[in-house]
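Heads up, the thing below is written out as structure tokens.
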Amino acid sequence: MSSCIDTSELKQIIMQIVASIPQGKVASYGQVAKLCGYSGYGRYVGSILKRLPSSTTLPWHRVINARGVISFPIGSEAHIKQLSLLFKEGVDSENGKISMRIYGWSI
DNA sequence: CCTGTGACCGGTA
DNA sequence: ATACCGGCCACAG
């Protein structure tokens, strides 16, 4: 079956939610999807962020997975880049586990 | 149209 | 605590 939703609209909502994540805090892919009103679309959130141009101003680095870690292989360029961006914002992490979550944060 | 692929997630062993 | 599994769903080939 083809998509049963308006993907272009969902894409914009996702970008809006990600853009509104406060500096120094993070959200999971599933959390972003749920905040959009589309629970279960975590994978889609990832696919959207993947296509972002390198020149984007969207804080994509504030989105991690539900296990509290960066969803890139440790040591990969993307992982190093995301970690440094988060570290620069003062995100607290121990052994790669991000502790400053976004739970309780409202739109 | 059918199949494989993810920057995912929650439950189970 | 870690490892695996099945479900998830748009998208590319």
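We name chains A, B, ... by the order of the sequence lines, and we start the count at 1 in each one. All figures in this text were calculated on a predicted structure; none of them were measured in a lab.
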Quiz item: NA contact type, A/Ser47, heavy-atom cut-off 4.0 Å: base, sugar-phosphate, or nothing?
Solution: nothing
How many whole angstroms separate atom [atom1] of [X] from atom [atom2] of [N]?
{"X": "A/Asp6", "N": "C/dA10", "atom1": "CG", "atom2": "P", "value": "12 Å"}
{"X": "A/Ile74", "N": "B/dA7", "atom1": "CD1", "atom2": "P", "value": "16 Å"}
{"X": "A/Glu94", "N": "C/dA1", "atom1": "CD", "atom2": "P", "value": "12 Å"}
{"X": "A/Asn65", "N": "B/dG10", "atom1": "CG", "atom2": "C1'", "value": "13 Å"}
{"X": "A/Ile5", "N": "C/dC11", "atom1": "CD1", "atom2": "C1'", "value": "12 Å"}
{"X": "A/Tyr44", "N": "B/dG6", "atom1": "OH", "atom2": "C1'", "value": "14 Å"}
{"X": "A/Leu49", "N": "C/dC11", "atom1": "CG", "atom2": "P", "value": "14 Å"}
{"X": "A/Leu10", "N": "C/dC11", "atom1": "CG", "atom2": "C1'", "value": "13 Å"}

Quiz item: Of all the choices, B/dG10, B/dA7, C/dA10, which nucleotide is nearest to the side chain of A/Ala66 once you look at every atom?
Solution: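 Closest nucleotide among those given: B/dG10.
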Quiz prompt | From C/dC11, B/dG6, B/dA7, nucleotide with atom closest to A/Thr7 side chain | solution = C/dC11
Quiz item: When you measure from every atom of DNA chain B, which of residues 50-62 of chain A have a heavy atom less than 4.0 Å away?
Solution: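 Hits under 4.0 Å, by residue number: A/Lys50, A/Trp60.
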Measuring from atom [atom1] of [X] to atom [atom2] of [Y], what distance do you get when rounded to the nearest 0.5 angstrom?
{"X": "A/Glu89", "Y": "A/Lys25", "atom1": "CD", "atom2": "NZ", "answer": "12.5 Å"}
{"X": "A/Tyr44", "Y": "A/Cys36", "atom1": "OH", "atom2": "SG", "answer": "11.0 Å"}
{"X": "A/Leu58", "Y": "A/Ile14", "atom1": "CG", "atom2": "CD1", "answer": "10.5 Å"}

Using every non-hydrogen atom in the two residues, find where [X] and [Y] come nearest and quote the distance to one decimal.
{"X": "A/Ile80", "Y": "A/Gly75", "answer": "CD1-O, 3.6 Å"}
{"X": "A/Ile98", "Y": "A/Ser93", "answer": "CD1-CB, 3.8 Å"}
{"X": "A/Val32", "Y": "A/Ala27", "answer": "CG2-CB, 4.1 Å"}

Quiz item: Pick the nucleotide of DNA chain B nearest each of A/Lys34 and A/Tyr29; which residue has the one closer to the 5' end?
Solution: A/Tyr29
Quiz item: Nearest nucleotide by nearest heavy atom, which residue falls closer to the 5' end of DNA chain B, A/Arg67 or A/Gly46?
Solution: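 Between the two, 5'-proximity favours A/Gly46.
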Practice problem: Side-chain contact test, heavy atoms from C-beta onward, threshold under 4.5 Å: evaluate it for A/Leu52 versus A/Met15 and give yes or no. | Solution: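 With C-beta onward as the side chain, the pair touches.
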Quiz item: OP1, OP2 of B/dC9 versus side-chain N and O of A/Ser28: anything below 4.0 Å?
Solution: yes
